[in-house]
Every structure is written in structure tokens, then in C-alpha cells.
Amino acid sequence: MTRTWSWRLSVFITGVFVFLFFFSTKKTSYQCDGQFEGKEIKEIVYFKLTENRWWVLWADNDGLFDIEVPSRASHGGLFVFKRIGDQIQLFSFENRLKGTFSFLSNHAVFWLDSDYQGACRRID
């Protein structure tokens with residue numbers, strides 16, 4: 001009888017860890033059409049939000065924000081973010097503010113090597 005309960009408990013605990021490992025984040029991709037400060041040419045920027053689910057209490061942020069600028073190999077970056085209502089604020093790993101994104105207006109502002117502003121749309 002004891003072996004049956006210990007086996008069931010082991011399977012349950014393993015199932016909880018598997019669930020937490022595979023389902024603790026939600027990924028969403030966006031494409032932004034905008035331009036860098038001082039440039040007249042519009043550029044497309046992609047970013048991916050990896051948002052922590054509400055039960056991820058052990059993280060000190062709300063997720064990761066991965067930016068890709070295809071036209072510039074040296075641009076892009078990985079940031080952490082905090083969600084505040086309908087907006088997220090991007091921070092470097094040194095806790096410096098690096099941008100904002102609004103879910104309400106789908107407008108993004110990033111501070112990479114130069115400022116970028118653009119209108120975004122979800123692509124997944």
C-alpha cells in the first residue's frame with residue numbers, strides 16, 4: 001500500500017514540475033514599422049515577448065523582451081520588462097529603462113544606439 005502512494009506522489013510531483021517548466025511562459029511576436037531618430041528611412045523591427053504566467057512568483061520581472069532589427073546586424077537586444085496596466089516598460093539587466101510598449105495603441109519606443117518609434121502589430 002505504501003509503494004502505491006509513494007509512486008503516485010512521485011508521478012504527481014514530476015507532473016507539476018513538467019507543467020511548470022513547459023507552461024510558465026507565453027510567447028507573442030510583433031512587427032513594428034517605424035524609424036530611428038535622425039533617419040528618414042522607415043525600418044522594420046521585430047520583437048518577441050516571453051511573458052511569465054501569473055503563478056511564476058519566483059521571477060523579479062514579468063518576462064523577457066527580445067528585439068531584432070534585420071537591417072542592422074549590430075542592433076537588437078534582450079531586455080526584461082515590467083507590465084503596468086496596458087503598458088510594459090523595458091529594462092536592461094543593469095535596471096536601466098530602455099523603452100516602452102503599449103498594448104492599447106500598439107506603439108513602441110526603444111532606446112538602443114538611437115531612439116526608435118514605431119507602430120506595431122501582432123504577427124503570430
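All values reported here derive from a predicted model rather than from experimental measurement.
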Transitive ILVMFWY side-chain link F93 to F91, under 4.5 Å: yes

Hydrophobic cluster identity match, Y46 and F65, side-chain contacts under 4.5 Å: no

Residue pair I88 / F81: nearest heavy atoms and the distance that separates them: CG2-CD1, 3.7 Å

Residues Q87, L104; criterion side-chain contact (heavy atoms from CB on, under 4.5 Å); working and verdict: CA-CA 8 Å; Q87 192 176 86; L104 190 59; over 6 Å; no

I41 with I44, same ILVMFWY side-chain cluster at under 4.5 Å: no

Among N106, V109, L90, the one residue meeting side-chain contact (heavy atoms from CB on, under 4.5 Å) with F101: N106

Pairwise distance NZ(K82) to CG(L97) - rounded to 0.5 angstrom: 13.5 Å

Any E68 side-chain heavy atom under 4.5 Å of D66 side chain: no

Worked check of ring pair (Phe, Tyr, Trp, His ring centres under 6.0 Å) between Y30 and F47: CA-CA 5 Å; Y30 289 84; F47 68 86; 5.0 Å; yes

Minimum side-chain heavy-atom gap R83-F103 below 4.5 Å: yes

D124 (side chain) donor-acceptor with S29 (main chain) under 3.5 angstrom: yes

Distance (rounded to the nearest 0.5 Å) between H107 NE2 and C32 SG: 9.0 Å

Side chain K42, main chain Q35, donor-acceptor under 3.5 Å: no

Parallel, tilted or perpendicular: rings of F110 and Y116 (30°, 60°): parallel

Atom of V80, atom of S92 and distance for their closest heavy-atom approach: CG2-O, 4.2 Å

Straight-line distance of Q31 CD to C120 SG, nearest 0.5 Å: 9.0 Å

